[in-house]
Amino acid sequence: MPKQKNLAELNAEKDKIEQQLAQERHKIQRLENRAAYYEKGDRRKRAHHLITRGAAIESVAPLAKALTETEFYAFAEKALALPEAKGLLMEAVNEHNRAEQEKRC
C-alpha cells in the first residue's frame, strides 16, 4: 500500500507543478501581450506624427500633392539644403528648445 500512497503523492505533486507551469506560461503570454500593445502604441504615435507633418506640408504647399514620393523627397532635400531654409529651421529648433527649458524651470 505505501507504494500506491507514494504514487498518489507523486501524481498530486505532478498536478501541482503542471498548474504552476500553466500559470507561468499564462504570465509570460500576458507580458508578451503587454509588450506588443505598447509597441503598437508607439508605432501608432509615429504614424500619426508623420501623417500630420505630411498634411501640414500639403496645406502650405498644395503643389507638392502632384509630386511622386521620390520627387517630393528630392524637392525636400534641395529645399532644406538652402542656407535660408537651414537658418529658419535652426531658428525654429532653438525657439522650441528655449520654450522647453522655460517649461522645466
Side-chain angles (χ1 to χ4, degrees):
M1 227 35 179
K3 192 173 186 181
Q4 284 183 336
K5 184 176 179 187
N6 198 9
L7 185 58
E9 288 175 357
L10 289 174
N11 281 332
E13 187 177 337
K14 177 183 168 243
D15 290 344
K16 183 179 176 185
I17 290 171
E18 285 177 347
Q19 184 181 16
Q20 288 173 340
L21 179 60
Q23 288 173 345
E24 292 301 318
R25 284 183 176 153
H26 184 67
K27 188 187 223 179
I28 289 169
Q29 185 62 50
R30 282 195 325 259
L31 291 171
E32 287 173 350
N33 290 346
R34 185 182 302 164
Y37 172 79
Y38 286 123
E39 186 178 305
K40 187 177 181 182
D42 288 344
R43 281 197 306 263
R44 277 190 185 150
K45 286 179 188 174
R46 183 172 187 277
H48 177 74
H49 176 80
L50 294 173
I51 290 166
T52 56
R53 293 286 171 108
I57 289 171
E58 285 187 351
S59 73
V60 296
L63 290 174
K65 292 178 191 177
L67 301 175
T68 66
E69 191 171 328
T70 304
E71 293 166 338
F72 176 78
Y73 275 102
F75 162 74
E77 199 171 76
K78 289 175 188 173
L80 292 171
L82 295 172
E84 297 86 0
K86 284 183 180 180
L88 289 171
L89 181 57
M90 184 57 73
E91 187 180 311
V93 169
N94 288 336
E95 183 58 36
H96 169 78
N97 289 341
R98 271 193 292 279
E100 286 293 313
Q101 262 185 340
E102 287 175 10
K103 228 189 269 186
R104 289 185 209 148
C105 295

Between Ala85 and Ala79, what is the shortest heavy-atom contact and its length?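 Distance-wise, the nearest heavy atoms are CB-O, 3.1 Å.
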Taking atom CZ of Arg44 as the centre, does the number of heavy atoms from other residues, nucleotides or ligands within less than 6.0 Å exceed 12?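 No - once you tally the heavy atoms of other residues, nucleotides and ligands closer than 6.0 Å, there are 12 at most.
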Are more than 12 heavy atoms, taken from residues, nucleotides or ligands other than Gln23, located less than 6.0 Å from that residue's CD atom?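 For Gln23, atom CD is crowded (more than 12 foreign heavy atoms under 6.0 Å).
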Please evaluate residues Arg43 and Glu39 with respect to the criterion salt bridge (charged side-chain N to carboxylate O under 4.0 Å, His left out), reporting the C-alpha separation (whole Å), side-chain torsions for both, the decisive distance (0.1 Å), and the verdict. CA-CA 6 Å; Arg43 281 197 306 263; Glu39 186 178 305; 3.0 Å; yes
Can you check whether Lys86 reaches Met90 side chain to side chain, under 4.5 Å on heavy atoms?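 SC-SC contact between Lys86 and Met90 ruled out.
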Side-chain contact test, heavy atoms from C-beta onward, threshold under 4.5 Å: evaluate it for Gln29 versus Arg25 and give yes or no.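 A side-chain contact under 4.5 Å is absent here.
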Starting at [atom1] of [X], measure out to [atom2] of [Y] and round the result to the nearest 0.5 Å.
X	Y	atom1	atom2	answer
Leu31	His26	CG	NE2	10.0 Å
Asn33	Ile28	CG	CD1	12.0 Å
Leu21	Glu24	CG	CD	8.0 Å
Leu89	Leu82	CG	CG	12.0 Å
Leu50	His48	CG	NE2	10.5 Å

Sequence neighbours left out, what pairs pass side chain to side chain donor-acceptor pair (under 3.5 Å) with at least one residue falling in residues 55-81?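 Found Thr68-Glu71.
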Candidate pair Gln101 and Asn97, rule side-chain hydrogen bond (donor to acceptor under 3.5 Å, both in side chains), full reasoning: CA-CA 6 Å; Gln101 262 185 340; Asn97 289 341; over 6 Å; no
Could you walk me through whether Lys103 and Glu100 pass the side-chain contact (heavy atoms from CB on, under 4.5 Å) test, one step at a time? CA-CA 5 Å; Lys103 228 189 269 186; Glu100 286 293 313; 3.4 Å; yes
Check the pair Arg30, Arg34 against side-chain contact (heavy atoms from CB on, under 4.5 Å), reporting the backbone distance first and the verdict last. CA-CA 6 Å; Arg30 282 195 325 259; Arg34 185 182 302 164; 5.8 Å; no
Using the rule given for side-chain contact (heavy atoms from CB on, under 4.5 Å), can you reason through Glu13 versus Lys16, listing the C-alpha separation, both sets of side-chain angles and the distance that settles it, and then say yes or no? CA-CA 5 Å; Glu13 187 177 337; Lys16 183 179 176 185; 5.6 Å; no
With a 4.0 Å cut-off, would you call Glu18 and Lys14 a salt bridge?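 Salt bridge flag = yes for Lys14 with Glu18.
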Is it possible for you to say whether Leu80 and Leu88 belong to one hydrophobic cluster, with membership spreading through side-chain heavy-atom contacts below 4.5 Å?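 In one cluster with Leu80: Leu88, no.
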